[in-house]
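From a predicted model like this one, the values you see are computed outputs, not experimental measurements. Below, read A as the first sequence line, B as the second, and so on, with proteins coming before strands; counting in each chain starts at 1.
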Amino acid sequence: MDRDRPRPARLQPGPPGPDLPQRRGRPGRYDGRHGLRRPRTRRPRLQRDDAAAGRRHPHRHPGGCRSHAGRRRGGDLDRRPRHPHEQGGSTSMSTTDQGTTTPVRVRMAPSPTGSPHVGMIRTALFNWAFARHHGGTFVFRIEDTDKERSTDESLRSILDLMRWLGLDWDEGPEVGGPHAPYFQSERGDKYADALALLRESSRTYDCYCTNEEAAARRKAAGSKVQGYDGFCRELSDEQREAFIAEGRKPIVRFRMPEGSITWHDLVRGEVTFETEFVPDFALCRANGDPLYTLVNPVDDALMEITHVLRGEDLLSSTPRQIALYEALKEVGIAKATPQFGHLPYVMGEGNKKLSKRDPEAHALAYRDQGYLPEGLLNYLALLGWAIAADRDVFTLEEMVEAFEITDVVANPARFDIKKCDAINAAHMRRLSIEDITHRVIPFLKADGVLSDPVNDADAQLLELAMPLVAERINKLSEASALLEFLFVDEDAFEVDPDDAAKVIGEAGIPVIQASYDALAALPTWSTEAIQAALQAALVEGLGLKPRNAFGPVRVAVTGRRISPPLFESLELLGRERSLGRLQRALG
RNA sequence: GCCCCCAUCGUCUAGCGGCCCAGGACACCGCCCUUUCACGGCGGGUACGCCGGUUCGAAUCCGGUUGGGGGUGCCA
């Protein structure tokens, strides 16, 4: 073949034990222990006999915390009996370490380049939920090796995002941890050490070729495979010296082993790659800068990550990582190869991976548009996972309780903003008035509806008005339009011209006049009295349908055709301001 | 090109060989409720890509095919 070396049929035996169900795609339920899986059974967790409730508090200390009080490390790990025949390790390149009971350690490792993406949230959420479900550790690591593209702004955005979402991390930026530092830019010595050890082993070799040379050789050989061809694998001293004499600087390449590499993917089942299709890859640049291919596995190894849950785009780099892990174990850097689970893409319009170009991709925009973190997270969780056959709305706590990585489906999901809205709306309706008021205030301030700080009178008015508004908004940002008329100064009050044209006009003037007369005569200014007076004057008096009767009044007083309930609104506005606005509408 | 992944309503999913002429949610279409809006209620249409095989029985297992996606870097 391309490397001119014989290829043994298969290094790996087939599926391990006779009792191990190896259904592709729907693997057995993962029980939190390395290499162990059991056949899926329907929601056995619902019958759990321990008091799981109150054990975890996913919302505590958003933004990361040190306190592990109350968290049971490795909580679920010993719950189920081990099945003697169930072993996940199936190959010489096994991704599992049989017999261990290591507590779960997962990580989120974003690159701080550009604006954080909703796909990133989904990955973070599944990692977080997996960690919390198993009472494990959620590590947050910043992969800022690319100095050109990494920015502080992006880093801040990611941290803000995680804090807003309430996905707290146990180790990482701001909280530190036993494997600090958690910024790759501060871990250069570790990569240099790893590279030096690897270079001393037989697993790597120095390569002097240019890309062009390798590509030309591939082409000349009529190879179907692209990428490096292994030319420098067995260089003679003379060849090496000749290259050096030419002034070439070598890079370090990893020597892919022969045969095939198989792993049991946590979401996809068994995946196999023939290594003839996995070219020897570079670990560093000629100037010595380590590449992602090196730093990512080295950090995972050093941080003792047990499960790597990441995007499907990394699927094809997994055989390289598994092979590298073998070398890292050999040189004493890695203790064990993690298990891998490749999450499906979040797709955008037109069946393409949701790209940064899509406005829907920008994660922080959801916060600014008034989505609830619990709503967004709930929706994102639905992309690839279901808590039950007939349920879509759930809390983070419920997700933690029920989340199984092996329940995640492998097919890519389209991001549907309408459903996202609907799920968010469901969470809005679950909030108490106090809670929703609290959350709406920043939006009201930003929109200039409320002053900052809020004065006492406005605070009081808001407290009275929110019950009317809370049930009719689906996003926090929608409150301003509904409340503005109550807080605006009279001389700044404006009536929407389009709405006025539609319902006031000539036909509306008599209606407003009649309303003014009826309300001006009112001895008490209450919702009930207002309703009775308007009902009598307009519906009975003028013979109007309620819709036509109250429309003009609504626009005159609230400025818009869409408002909180009219009679309550009038009461809150007060007699003087209400009558004044009716007067103004009359011209 | 080559390699890998994926395949149930428009969308997200349930389904783990008989409970399925396929369930839920969003969207859509009617109707009801209603002072606008937002809720809420009732009803409706719409899906197992295709071809083989295994089986008494297949959406479910196997093979193929087609279609989609991803990868194929001294990017991450």
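Of the residues listed (A:R141, A:R107, A:K190), the one engaging A:D299 in a salt bridge (Lys or Arg N to Asp or Glu O under 4.0 Å) is A:R141, and it is the only one.
Using Watson-Crick or G-U wobble geometry with both donor-acceptor distances under 3.5 Å, B:A14 finds no partner in any strand shown. Shown here, B:C42 forms a base pair with B:G30; the pair counts as Watson-Crick or G-U wobble because both key distances fall under 3.5 Å. For B:C61, the paired nucleotide is B:G53, the pair qualifying as Watson-Crick or G-U wobble because both relevant distances are below 3.5 Å. Across all strands shown, B:U66 is found opposite B:A7 as a Watson-Crick or G-U wobble partner, with both distances under 3.5 Å. Partner assigned to B:C74 is none, using Watson-Crick or G-U wobble distances below 3.5 angstrom.
If you take CG of A:L380 and P of B:C26, they are 18 Å apart, rounded to a whole angstrom. To the nearest angstrom, P of B:A76 lies 9 Å from CD of A:Q184. Separating the CG atom of A:D407 from the P atom of B:U13 is a distance of 13 Å, rounded to the nearest angstrom. At whole-Å resolution of the value, CE in A:M256 and C1' in B:C4 are 14 Å apart. The distance between atom OH of A:Y345 and atom C1' of B:C12, rounded to the nearest whole Å, is 19 Å. Remark: P of B:A38 and CZ of A:R430 are 22 Å apart, rounded to the nearest angstrom. B:G1 atom C1' lies 7 Å from atom CD of A:Q226, rounded to whole Å. Nucleotide B:C12 holds its P atom 11 Å from the CG atom of A:L382, rounded to whole Å.
As rounded to the nearest Å, B:G23 and B:C62 have P atoms that lie 25 Å from one another. Atom name P, nucleotides B:C29 and B:C37: the rounded distance is 15 Å, in whole Å. Atom name P, nucleotides B:C4 and B:G40: the rounded distance is 48 Å, in whole Å. Across B:U66 and B:C28, the matching P atoms stand 38 Å from one another, rounded to whole Å. A distance of about 13 Å separates the C1' atoms of B:U55 and B:U60, rounded to the whole Å. As rounded to the nearest Å, B:G24 and B:A58 have C1' atoms that lie 23 Å from one another. Rounded to whole Å, the P atom of B:A14 lies 33 Å from the corresponding atom of B:C2. B:A59 and B:G18: their C1' atoms are spaced 13 Å apart (whole Å).
Which of B:U13, B:C4, B:C26 sits closest to the side chain of A:V271 comes down to B:C4. Which of B:A25, B:C2, B:C74 sits closest to the side chain of A:K419 comes down to B:A25. Here the side chain of A:E312 is nearest to one of B:U11, B:U13, B:C5, namely B:C5. Which of B:C74, B:G71, B:A14 sits closest to the side chain of A:S316 comes down to B:G71. For A:F277, the listed nucleotide lying nearest its side chain is B:C3; candidates were B:U13, B:C3, B:U36. Of the candidates B:U13, B:U72, B:C37, the closest approach to any side-chain atom of A:N411 belongs to B:U13. Relative to the side chain of A:K224, the nucleotides B:G1, B:A76, B:C6 differ in distance, and B:G1 lies closest.
Side-chain N or O atoms of A:Y366 include one that pairs as donor or acceptor with a backbone N or O of A:E360 at under 3.5 Å. Between the side chain of A:S111 and the backbone N or O of A:E143 there is at least one donor-acceptor pair closer than 3.5 Å. Side-chain N or O atoms of A:S154 include one that pairs as donor or acceptor with a backbone N or O of A:T113 at under 3.5 Å.
At a threshold of 4.5 Å between non-hydrogen side-chain atoms, the residues A:L380 and A:V346 do not count as touching. Considering only heavy atoms from C-beta on, A:R122 stays 4.5 Å or farther from A:V118 through its side chain. Using a 4.5 Å heavy-atom cutoff, the side chains of A:T318 and A:R310 are in contact.
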Close N/O contacts between protein and nucleotides 39-41 of chain B (under 3.5 Å):
from	atom 1	to	atom 2	distance (Å)
B:C39	OP1	A:N474	ND2	3.1

Below 3.5 Å is the cut-off: list the nitrogen or oxygen pairs between protein and nucleotides 43-47 of chain B, distance only.
none

Hey, what are the protein-to-nucleotides 33-35 of chain B N/O distances that come in under 3.5 Å?
from	atom 1	to	atom 2	distance (Å)
B:U35	O2'	A:R554	NH2	3.2
B:U35	O2	A:R554	NH2	2.3

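Ring geometry for A:Y208 versus A:F243: interplanar angle under 30°, hence parallel rather than tilted (30 to 60°). Taking the six-membered ring where the residue is Trp, A:W263 and A:F273 present parallel rings, their angle staying beneath 30° rather than reaching 60°.
Ion pairing between A:R253 and A:D280 fails under the 4.0 Å rule for side-chain N and carboxylate O. Salt bridge present: A:D435 and A:R439 bring a charged side-chain N and a carboxylate O closer than 4.0 Å. Salt bridge status for A:E213 with A:R248: present, with a side-chain N to carboxylate O gap under 4.0 Å.
As judged by a 4.0 angstrom heavy-atom cut-off over every strand, A:R149 is placed among residues touching the sugar-phosphate backbone only. Residue contacts shown for A:R320 include a base, since a base heavy atom lies under 4.0 Å away. Residue-level contact check: A:S111 touches the backbone only, with heavy atoms under 4.0 Å from sugar-phosphate atoms and none from bases.
Taking for each of A:I423 and A:L291 the nucleotide of RNA chain B with the nearest heavy atom, the 5'-most of the two is the partner of A:I423. Toward the 5′ end of RNA chain B lies the nearest nucleotide of A:G384, the other residue of the pair A:G384 and A:L482 mapping further downstream.
Scanning both residues, A:F415 and A:L354, for their nearest heavy atoms gives CB-CD2, 4.3 Å.
Sorted by first and then second residue, the salt bridge (Lys or Arg N to Asp or Glu O under 4.0 Å) pairs with a member in residues 547-568 of chain A read A:D499-A:R561; sequence neighbours excluded. Pairs passing the salt bridge (Lys or Arg N to Asp or Glu O under 4.0 Å) check and including a residue from residues 380-392 of chain A, sequence neighbours excluded, read A:R391-A:E398, A:D392-A:K419.
For the residue pair A:S480 and A:D447, a side-chain donor N or O sits within less than 3.5 Å of a side-chain acceptor on the partner. A donor-acceptor pair shorter than 3.5 Å cannot be found between the side chains of A:Y191 and A:D289.
Within residues 281-290 of chain A, the residues that have a heavy atom under 4.0 Å from RNA chain B are, in order of number, A:A282, A:R285, A:A286.
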